[in-house]
Structure formats: C-alpha cells, structure tokens
Trainee: 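What follows is a structure written as structure tokens; I'll ask about it next.
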Amino acid sequence: MKKILVINGPNLNFLGIREPDIYGKSTYADLVDSINKAAVSKGLEVEIYQSNHEGCIVDKIQEAYNHFDGIIINPAAYTHTSVAILDALKAVGLPTVEVHLSDINSREEFRKFSYISLYAAKTICGKGFEGYTEALDFFL
Ligand code: DQA
C-alpha cells in the first residue's frame, strides 16, 4: 500500500475560525477526517501532519525520505516565502502535490507566486477540502 505524507502549514489548525468567508466553516478536525476517509476509500495509507513552524515542516519532509511514496503539502503562508521548504522537497525528491483551499491566483498579488510550485508535480487550488481528495488521486 502506498504511503502518503500530508503536510499542512501555519494557521490551518484554525480552520473554521480563521476567515470563514475564505476558508469555510469546517474545522481542521473535519479536514483530517475527510482526508482519512478519502485515503481509506482509495486504498492509500496517509499520515497527516500540521505545524505552524517552518523548520518543523522541513524536518518532517526530511523524515519522509525512504519512508513515504509521496507528499501532499499545503504550505499555507510559507508557499509564498519559503525557499527552505522548496529545497527540502527537492532534497527528498518525492513526488509532491501542492494544495490550497482557496484560489491563490484570484486573491492578493503576493499570493500569486508559489516557491513550492517550482517543484510540485501538480498544484490544486480553490477546491476546498476536495483538493486533497484530488491530490490523493495523483498517487493512484
Ligand atoms: C492557503 C493560501 C495561502 O495564501 C494562505 O497563506 C494560507 C492558506 C490556502 O489553503 O488557500 O494560509 O494555502
């Protein structure tokens, strides 16, 4: 069974509370539940990790080396700033899908650039929780 690591970046633990007009009213626990259910139905094993800290996300990506078959990452705000997360993904070399709940291309200018897109095989944005389900399909 393929093992996929799902990483969620800063403030995603505040889903349901943070800017519900943009990110919806469902909570982070709801997101975890929805990813777990989708993974079971697709026959994939997932580990879901969330951190507000860039270095912890880098550590987690490095730990995936030789332990996972792929990565799904919503780097949240680090999408637009983090060369360190980009470099970690490149170093580990696992197939990676980038997910954003909102459509980063139709928001502020600064959200249009993603360091992570320079490595990710696919970027899915603006599809809410469904984006993670679609990202899982990439690994089938
Ligand atoms: C986000 C989009 C980012 O621009 C933002 O900083 C986030 C969430 C999304 O899922 O839509 O925190 O990655």
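As the structure lists them, so they are numbered: ligands from 1, and atoms in each ligand from 1. The structure presented is a predicted model; accordingly, all values stated were derived computationally and were not measured.
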Trainee: Please check this pair: side chain of H67 against backbone of Y65, looking for a donor-acceptor N/O pair closer than 3.5 Å.
Mentor: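 Yes; at least one donor-acceptor contact below 3.5 Å.
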
Trainee: Would A77 count as a polar contact of ligand 1, with the cut-off being nitrogen or oxygen pairs under 3.5 Å?
Mentor: yes

Trainee: Quick check with a 6.0 Å cut-off and a 45 degree axis cone: is K3 positioned over the face of F68's six-membered ring?
Mentor: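 Yes, K3 sits over the ring of F68.
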
Trainee: Is there a side-chain contact between Y78 and P10, using heavy atoms and a 4.5 Å cut-off?
Mentor: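 A side-chain contact exists here, since the closest heavy-atom pair is under 4.5 Å.
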
Trainee: Which atom names give the shortest non-hydrogen contact between F138 and P95, and what distance separates them?
Mentor: CE2-CB, 4.3 Å

Trainee: Please state which protein non-hydrogen atom is closest to atom 9 (C) of ligand 1 and give its distance, to 0.1 Å?
Mentor: L101 N, 3.3 Å

Trainee: Assess the residue pair H100 and T123 against the criterion (side-chain contact (heavy atoms from CB on, under 4.5 Å)); give the C-alpha distance rounded to whole Å, side-chain angles, the decisive distance to 0.1 Å, and a yes or no.
Mentor: CA-CA 8 Å; H100 299 283; T123 299; 4.3 Å; yes

Trainee: Note the single closest protein heavy atom to atom 2 (C) of ligand 1, along with its residue, its atom name and the distance in Å.
Mentor: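 Checking every protein heavy atom, the shortest distance to atom 2 (C) of ligand 1 gives I104 CG2, 3.6 Å.
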
Trainee: Charged N to carboxylate O under 4.0 angstrom, K122 versus E98?
Mentor: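 No, this pair does not count.
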
Trainee: Is there a heavy atom of Y23 sitting under 4.0 angstrom from any atom of ligand 1?
Mentor: yes

Trainee: When you measure from the heavy atoms of N74 to every atom of ligand 1, does any distance fall below 4.0 Å?
Mentor: yes

Trainee: Heavy-atom distances under 4.0 Å decide this one: backbone, side chain, both or neither, for E98 against ligand 1?
Mentor: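 For E98, there is no contact with ligand 1 at all, from either part.
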
Trainee: Give yes or no for whether the N/O distance cutoff of 3.5 Å, strictly under, is met between V99 and ligand 1.
Mentor: no

Trainee: Flag the pair D103 and R107 as a salt bridge only when some basic side-chain nitrogen lies within less than 4.0 angstrom of an acidic carboxylate oxygen.
Mentor: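 Not counted as a salt bridge, because no side-chain N and carboxylate O are separated by less than 4.0 Å.
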
Trainee: Would S102 count as a polar contact of ligand 1, with the cut-off being nitrogen or oxygen pairs under 3.5 Å?
Mentor: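 So ligand 1 has an N or O lying under 3.5 Å from an N or O of S102.
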
Trainee: Numbering the atoms of ligand 1 from 1, which are under 4.0 Å from a heavy atom of R18?
Mentor: 7 (C), 8 (C), 12 (O)

Trainee: Measure the CG-CD1 distance between N8 and I73 for me, rounded to the nearest 0.5 Å.
Mentor: 8.5 Å

Trainee: Starting from atom 1 (C) of ligand 1, find the nearest protein heavy-atom neighbour and note its residue, name and distance.
Mentor: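 So the nearest neighbour among protein heavy atoms is H100 ND1, 3.8 Å.
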
Trainee: Give the atoms of ligand 1, by number and element, whose distance to some non-hydrogen atom of H80 is under 4.0 Å.
Mentor: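 In order of numbering, the contacting atoms are 3 (C), 4 (O).
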
Trainee: Starting from atom 5 (C) of ligand 1, which protein heavy atom do you reach first, and at what distance in Å?
Mentor: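 Answer for atom 5 (C) of ligand 1: R111 NH1, 3.3 Å.
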
